[in-house]
Amino acid sequence: MGVEFLKGHGTENDFVVLPDPDGVLDLTESRVRALCDRQRGLGADGVLRVVRPDFVPDAASAEKSTSGGPWFMDYRNADGSIAEMCGNGVRVFVRYLVEAGLMPAGEFTIGTRAGERHVVAHPDGTVTVDMGRALVTGTGTATVGGSAFGGVAVDVGNPHLACVTETPVAELDLHVPPGHDPVLFPHGVNVEFVNVLGDGALRMRVHERGVGETRSCGTGTVAAVASWLYGTGQRTGKATVDVLGGQVSVVIEEETSTLTGPAVLVARGELDQAWWDAL
């Protein structure tokens with residue numbers, strides 16, 4: 001028997017899902033990197049381990065949450081690092097739980113390293129995630145190709161610098177990480193570049209720490225809307241966000257935010273045991 005896996009995506013932000021209810025998998029950094037490698041592995045932006053909270057390993061860089069119901073999303077970036085939260089990943093995680101019969105469709109709660117997250121699995125396959133409060137913590141600057149872009153620092157359980165700009169985001173070269181202030185973001189940052197298409201309509205590209213440019217970033221879309229609202233003097237509101245992989249809807253409230261978008265499972269199978277053991 002090999003290691004069970006599924007492959008899924010949320011607006012083309014793609015993930016390897018590893019069902020591991022009893023926490024028996026030794027999910028090392030090298031195994032995560034190999035899984036996410038698009039030449040020598042399955043290829044993905046990250047890994048979602050489906051585990052019961054009691055079996056989540058303690059990690060110095062991320063606080064364990066055990067109050068989020070019977071399932072915990074143990075999320076890893078493509079470089080093997082542990083991440084606090086992933087909005088697109090939550091949707092794929094929830095879709096798996098429902099499809100596998102582990103949770104009923106409708107409303108329930110899961111655990112993440114950013115705390116518990118209330119979710120709604122809709123009949124059409126979309127998922128709404130309570131993303132928690134989008135907290136504006138200050139301002140900063142990102143640099144791309146020698147150009148500086150002013151942005152708003154937003155904490156969505158993980159750090160973001162969302163830059164609303166009139167420069168068409170399609171013209172930006174995001175093959176390398178944008179420059180940022182390491183004092184403001186000592187553990188790295190996800191950087192979003194945002195165009196305003198109209199009232200309540202945004203377009204975004206994102207470079208995720210530990211991954212690179214991705215087709216979408218759920219927490220990043222929340223940060224983008226929060227940054228846009230901040231720039232207009234508003235604290236609450238809603239918008240659609242077009243990303244390379246599709247479109248999501250975001251609502252920013254005083255004490256929380258929600259993200260709604262598709263979640264797709266595309267494949268399932270077994271990893272070769274010898275391949276896994278050799279990593």
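Worth knowing before you read on, the calculation uses all heavy atoms, side chains too, and leaves out hydrogens, waters and symmetry mates. The first residue in the sequence is number 1, and the count goes up from there. Computed from a prediction, not measured in an experiment: that's the story for all the values here.
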Drop me the distance from [X]'s [atom1] to [Y]'s [atom2], to the nearest 0.5 angstrom.
X: His207; Y: His175; atom1: NE2; atom2: NE2; answer: 9.5 Å
X: Leu6; Y: Tyr96; atom1: CG; atom2: OH; answer: 6.0 Å
X: Leu97; Y: Glu99; atom1: CG; atom2: CD; answer: 10.5 Å
X: Trp276; Y: Asp26; atom1: CH2; atom2: CG; answer: 7.5 Å
X: Leu35; Y: Phe15; atom1: CG; atom2: CZ; answer: 14.0 Å
X: Leu174; Y: Glu213; atom1: CG; atom2: CD; answer: 4.5 Å

Measure the shortest side-chain to side-chain distance between [X] and [Y] over non-hydrogen atoms and say whether it is less than 4.5 angstrom.
X: Thr109; Y: Val119; result: no
X: Leu27; Y: Val47; result: yes
X: Val191; Y: Val206; result: no
X: Trp228; Y: Val152; result: no
X: Leu202; Y: Thr240; result: no
X: Val17; Y: Val50; result: yes
X: Thr112; Y: Tyr75; result: no
X: Met103; Y: Pro70; result: yes

[Y] backbone acceptor or donor facing [X] side chain under 3.5 Å:
X: Asn77; Y: Val211; result: no
X: Arg209; Y: His187; result: yes
X: Asp74; Y: Leu48; result: no
X: Arg76; Y: Ala83; result: no
X: Arg91; Y: Gly261; result: yes
X: Asn190; Y: Pro159; result: yes
X: Arg133; Y: Glu255; result: no
X: Arg49; Y: Asp20; result: no
X: Thr28; Y: Arg31; result: yes
X: Arg113; Y: Ile82; result: no

Q. Would you call Asp173-Arg205 a salt bridge at under 4.0 Å N-O?
A. no

Q) Is any NZ, NE, NH1 or NH2 atom of the basic residue among Asp14 and Lys7 found under 4.0 Å from an Asp or Glu carboxylate oxygen of the other? A) yes

Could you tell me which non-hydrogen atom of [X] sits nearest to which non-hydrogen atom of [Y], and how far apart they are?
X: Phe5; Y: Leu42; answer: CD1-CD1, 3.6 Å
X: Ala223; Y: Glu192; answer: CB-OE1, 4.1 Å
X: Glu12; Y: Leu244; answer: OE1-O, 4.2 Å
X: Ala142; Y: Pro178; answer: CB-CB, 4.5 Å
X: Pro19; Y: Glu4; answer: CD-O, 3.6 Å
X: Ala34; Y: Trp275; answer: CB-CZ2, 3.8 Å

Looking only at side chains, do [X] and [Y] share a donor and an acceptor under 3.5 Å apart?
X: Asp130; Y: Thr258; result: no
X: Asn88; Y: Ser216; result: yes
X: Thr11; Y: Asn13; result: no
X: Thr126; Y: Asp124; result: yes
X: Glu208; Y: Thr214; result: yes

Q. Would Asn195 and Thr165 count as a side chain to side chain contact (heavy atoms under 4.5 Å, CB included) if you check the C-alpha gap in whole Å, the side-chain angles of each, and the deciding distance to 0.1 Å?
A. CA-CA 6 Å; Asn195 292 154; Thr165 176; 3.9 Å; yes

Q: For His180 and Thr141, run side-chain hydrogen bond (donor to acceptor under 3.5 Å, both in side chains): C-alpha distance rounded to whole Å, both residues' side-chain angles, the deciding distance at 0.1 Å, then the answer.
A: CA-CA 6 Å; His180 67 273; Thr141 302; over 6 Å; no

Q: Start with the C-alpha gap between Phe93 and Trp71, add the side-chain angles, then the distance that decides, and say whether side chain to side chain contact (heavy atoms under 4.5 Å, CB included) holds.
A: CA-CA 10 Å; Phe93 186 89; Trp71 298 104; 4.2 Å; yes

In terms of hydrophobic clusters joined by side-chain contacts under 4.5 Å, are [X] and [Y] together?
X: Val225; Y: Val189; value: no
X: Val136; Y: Phe149; value: no
X: Val222; Y: Val129; value: yes
X: Leu102; Y: Val127; value: yes
X: Phe108; Y: Val120; value: no

Atom [atom1] of residue position [X] - does it have more than 12 heavy atoms of other residues, nucleotides or ligands inside 6.0 Å?
X: Arg203; atom1: CZ; result: no
X: His122; atom1: NE2; result: yes
X: Phe185; atom1: CZ; result: yes

(Q) Determine whether Met204 and Asp242 satisfy the following criterion, side chain to side chain contact (heavy atoms under 4.5 Å, CB included), listing intermediate values before the conclusion. (A) CA-CA 6 Å; Met204 182 191 90; Asp242 291 344; over 6 Å; no

Q: Among residues two or more places apart or on two chains, list those pairs meeting side-chain hydrogen bond (donor to acceptor under 3.5 Å, both in side chains) that have a residue in residues 144-159.
A: Asn158-His160, Asn158-Thr219

(Q) One pair to check against side chain to side chain contact (heavy atoms under 4.5 Å, CB included): Val90 and Met85. What are the steps and the verdict? (A) CA-CA 8 Å; Val90 170; Met85 177 59 181; 3.6 Å; yes

